[in-house]
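Below is one structure, written out as structure tokens, with a few remarks after it.
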Amino acid sequence: MLVEIIIFTLIVMLVTAVYQKSNLVDCKSRKRLDGKSVIVTGGTTGIGLEVAKDLANRGAKVIIACPFEEEGNSAKKLIISETRNENVIFKFLDLGCLISIRKFANDILKTEERLDILINNAGVGAVGDHLTKDGMNFIMQVNYYGAFYLTILLLPLLRKTGTKDESARIINMSSCGHSMASTDVKNFNRTNSIYSFFTYCNSKLSLIYFAQELAKRLKDSNVVVNAVTPGIVSTDIYSKSLYGIGHLLTWINYWLFRTSWQGAQTALHAALDDKAGRMSGKLFMTCREGRGWPVMYREEAAQLLWEESRRLVNLSDEEYNAAITV
């Protein structure tokens with residue numbers, strides 16, 4: 001029986017690997033971004049770093065954000081070295097702390113004249129099931145609630161930047177893990193879950209719901225928001241997760257699945273493609289609009305999550321109105 005299970009698992013992995021490798025699509029846009037500004041959260045490693053390098057290569061001012069000073073400064077030097085674009089900035093941002101998010105957003109609003117693209121890429125895997133100081137599940141706050149709050153705070157600058165001809169863009173980095181998420185959004189913030197992996201899946205579905213709900217509220221504005229799934233990518237997001245087997249998963253991913261550069265292509269498509277810039281509330285896969293799993297089409301759950309998110313991050317009416325109303 002054990003041998004049969006092992007053989008079946010290997011076959012599934014092989015089929016998945018073949019599918020991942022055979023459905024690779026590059027972002028075709030050759031758009032330049034001279035004079036434009038972008039923020040990439042988690043733009044210091046993995047997919048985020050590849051996205052940041054590509055956008056810097058196109059002439060954009062690139063702000064990369066993460067909660068690790070050494071990692072951030074190293075990534076900044078790497079991007080400048082590889083792209084010869086000196087206009088790369090590292091800023092500290094801890095999405096697991098609302099105070100840090102407010103500080104980061106206030107700094108951006110005071111120092112930046114424009115924000116053309118916001119890529120909510122930062123995230124953690126199934127690293128543990130505990131509460132942050134803000135009273136939120138750590139995985140959910142880093143992967144979703146923090147991105148929700150940051151986006152709302154930065155919306156005034158995005159709205160100021162976007163034009164009728166060239167919308168400002170928000171891209172939420174989801175994953176195929178949304179297929180295994182629950183729609184019980186009232187319990188998304190709970191801890192002591194049996195498997196923190198499913199909390200991770202819930203956070204990725206939340207980013208899709210967020211894109212859908214925000215798109216409704218920004219209808220007829222000069223800002224679009226979409227979600228993307230990069231496929232199964234060989235990043236190190238699992239290296240410290242899943243009770244010690246994370247390194248094994250990382251090794252398996254490296255040999256079987258997409259590279260970080262390959263995983264970055266759909267996010268770049270959503271950020272650069274002209275047609276994508278006229279779409280909002282959509283999910284992109286393999287550099288085109290895709291159809292996700294049935295759980296992402298639960299409008300009531302998405303609306304409830306929006307209200308729960310506002311409550312949990314303690315979003316004031318003043319902040320909300322400054323972001324959403326014209």
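- No side-chain heavy atom of Phe188 sits less than 4.5 Å from a side-chain heavy atom of Ser203.
- Between Leu98 and Asn314, every side-chain heavy-atom pair lies at or beyond the 4.5 Å cut-off.
- You'll find the side chain of Val25 stays beyond 4.5 Å of the side chain of Gln262, heavy atoms only.
- Contact of the Leu78 side chain with the Leu49 side chain is registered, since non-hydrogen atoms from C-beta on lie closer than 4.5 Å.
- Side-chain contact of Asp134 with Gln141: a donor-acceptor pair under 3.5 Å is present, judged by distance alone.
- The neighbour count for Lys91 NZ, taken as heavy atoms of other residues, nucleotides or ligands under 6.0 Å away, is above 12.
- Inter-residue side-chain proximity for Asn85 and Ile79 is flagged as unmet; no heavy-atom pair is nearer than 4.5 Å.
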message = Run the side-chain hydrogen bond (donor to acceptor under 3.5 Å, both in side chains) test on Tyr149 and Ser309 for me, step by step, so that the C-alpha distance in whole Å, both residues' side-chain angles and the decisive distance to 0.1 Å come before the verdict.
response = CA-CA 8 Å; Tyr149 192 37; Ser309 302; over 6 Å; no

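- If you take CG on Leu305 and OH on Tyr145, they are separated by 6.0 Å, rounding to the nearest 0.5 Å.
- Of the candidates Val124, Thr199, Asn143, Leu131, Val124 is the only one forming a side-chain contact (heavy atoms from CB on, under 4.5 Å) with Phe138.
- Remark: the Asn172 side chain and the Asn120 side chain contain an N/O donor-acceptor pair separated by less than 3.5 Å.
- In this structure, the side chains of Ile170 and Leu155 come closer than 4.5 Å at one or more pairs of heavy atoms.
- Put simply, the side chain of Asp54 does not reach to within 4.5 Å of the side chain of Glu50, judged on heavy atoms.
- Aromatic ring orientation, Tyr144 versus Phe210: perpendicular (interplanar angle above 60°, classes split at 30° and 60°).
- Looking at Pro230 and Ile47, their side chains come closer than 4.5 Å, going by heavy atoms from C-beta outward.
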